[in-house]
Amino acid sequence: MIRVRFAPSPTGLLHIGGARTALFNYLFAKRYNGKYILRIEDTDIERSTKESVDNLIRSLKWLGLSWDEGPEIGGNFGPYYQTHRFDLYKKYLDKLIDTGDAYPCFCSPEELKKERDEQLKSGAPVKYSGKCRNLTPEKLKENIEKEKQFSIRFKVPEHKKIVFKDLIHGDMEFDSEILGDFVIMRSNGYPTYNYSVVIDDALMKITHIIRGDDHLSNTPKQVMLYESLGFPLPIFAHVSMILGVDGTRLSKRHGATSVEEFKKQGFLPEAIDNFLALLGWSAPEKDGKQEEILSLEEMSKLFSLEHVSKTPAMMNIDKLHWINGIYLRKRDPEEILSLTPNILDHEFFNKNREKALRYIKALKDHFFTLNDVESHITDFTEWKLEKELVGPLNENYIALLKKMLIFIKKSGSLDLSNVGKAFKFLSKEFGIKGKELYIPMRKILSGKEEGAQLQYFFILLSKEELIRRFEAAIKEFE
RNA sequence: GUCCCCAUCGUCUAGUGGUUAGGACACCGCCCUUUCACGGCGGCGACAGGGGUUCAACUCCCCUUGGGGACGCCA
């Protein structure tokens, strides 16, 4: 049974890179009928917040990446918050101390920083000197009696080859020599990432660790821990990072970086899932074609880590817009309206649902994000008669306009059907048809060169407004 | 500074020794059409550089360059 996990730290909004990691884990689990677990890594008491946990959960659910075990639903391998697992960390810590694989370190942060700075300056490899590694029993006792604060470090074996399997990068090999003894338990009693992650992944029986490749160089540390503790080694898969358009690590400077921000910008969850999957993964070719528009369901059937690229991927907002537009067009006007309920408050609609739906139908193909739904209202509300845009009109056309005005004034409510009939009638009567008829009129009515079809202006604008626009045009051109 | 990872069109990618180097977004053109958009068709456009290995390298090896990451009592 394949078991994978997404293990974010709740120190902010769910990052788009984190979302992709979660997605890959999810797809991998679904593909092989495994379990996808959510675990909250909240051991950084300074930065972890409840709000972040809530945001993480909300964003993940919104993306449709629901977990099989984790917060809210539990599971057989809980608890799923690291802060609730302290007894476990303690238990294995004792074991490491007993076997001599871990030892207390009394160095102060200041001391360590000084050490590091000197190494950096001299060009030597930066690693802990191992100062406290072989403290005499007397010294140890003395330090403890003085109630000196201490952390626990893992004793890195000398000149040991550390090997592990990585499904994306291939077999990896490191020399333990590059690593200094690292802290596994902080002096405040909280475990560090490299330690807790191992205990949890091992105890939760995680078989594949899919995560960002910023963790690649941490992996040797974790592998040593697995070995010391006698845990079976999982298989790793280090996915490349997502970069901003300038090729540097995605950060606030690049605009939206969190799932929540993308949501605010009017992107649909299925579009984000699809887009994120394509950032690094590609569906296998079928009949020489490579399908790119894929639902979570479809991707769950096709996903494999073999088709995940090693190359870092830059955000391509244009493509996200394109994908979003496709999914938006797949939705019913009713659905789109339910996602943009605020437009009903706009005075143009004045709570008129039916009118809002007509509007959405008229402009659906023009929407790329949900925010476009609102911003396009101005296509109808902002109007200016542009004489140059419309071009010269002959007397015949002006007469037609006058007749149209009468039609508007005389008719009851306007709909696609009676407006269509009116056009047909006028076309015949004045001998003007096709472009000759429609283009000048839509320029008059919309004041713009592009936008919804002409008929929609008749059924969306109020009669007063239609009359106003026609009268202005007649006056102007007569 | 030390170590690690990565390198195909502007961007996302296919490609696993022999291909006219394929697709997608963007861009441009044409078509469809009562405009724009949508849609359809077509075009532009890439193997970072240098050495090897080989009958044959985008593909394998080495170096250079460029980019990213790690080196925390952050994750």
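Heavy-atom basis, side chains included; hydrogens, waters and symmetry copies ignored. Below, chain A is the first sequence line, B the second, and so on; all start at residue 1.
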d(CE, A:Met314; P, B:rU11) in whole Å: 6 Å
Sugar-phosphate, base or nothing in reach of A:Asn218, heavy atoms under 4.0 Å: base
Between A:Thr83 and A:Asp42: side-chain donor-acceptor atoms closer than 3.5 Å: yes
Sugar-phosphate only, base, or nothing, as touched by A:Gly325 at under 4.0 Å among non-hydrogen atoms: nothing
Touch class at under 4.0 angstrom, heavy-atom based, for A:Gln453 against every strand present: base
Centroid-centroid under 6.0 Å between A:His215 and A:Tyr193 rings: yes
Comparing A:Ser187 and A:Arg442 on RNA chain B - which has the more 5′ nearest nucleotide: A:Arg442
Per-pair stack call A:Trp322 and B:rC25, 5.5 Å, 30°: no
Closest-nucleotide ordering on RNA chain B, the 5'-leading residue of A:Phe174 and A:Thr311: A:Phe174
Side-chain-base donor-acceptor pair under 3.5 Å for A:Gln455 and B:rU34: yes
Chi angles and distances behind the salt bridge (charged side-chain N to carboxylate O under 4.0 Å, His left out) call for A:Arg469, A:Glu465: CA-CA 6 Å; A:Arg469 292 186 188 184; A:Glu465 184 61 22; 2.7 Å; yes
Sugar-phosphate, base or nothing in reach of A:Cys105, heavy atoms under 4.0 Å: nothing
Euclidean distance, atom CG of residue A:Leu243 to atom C1' of B:rA7 [Å, nearest integer]: 12 Å
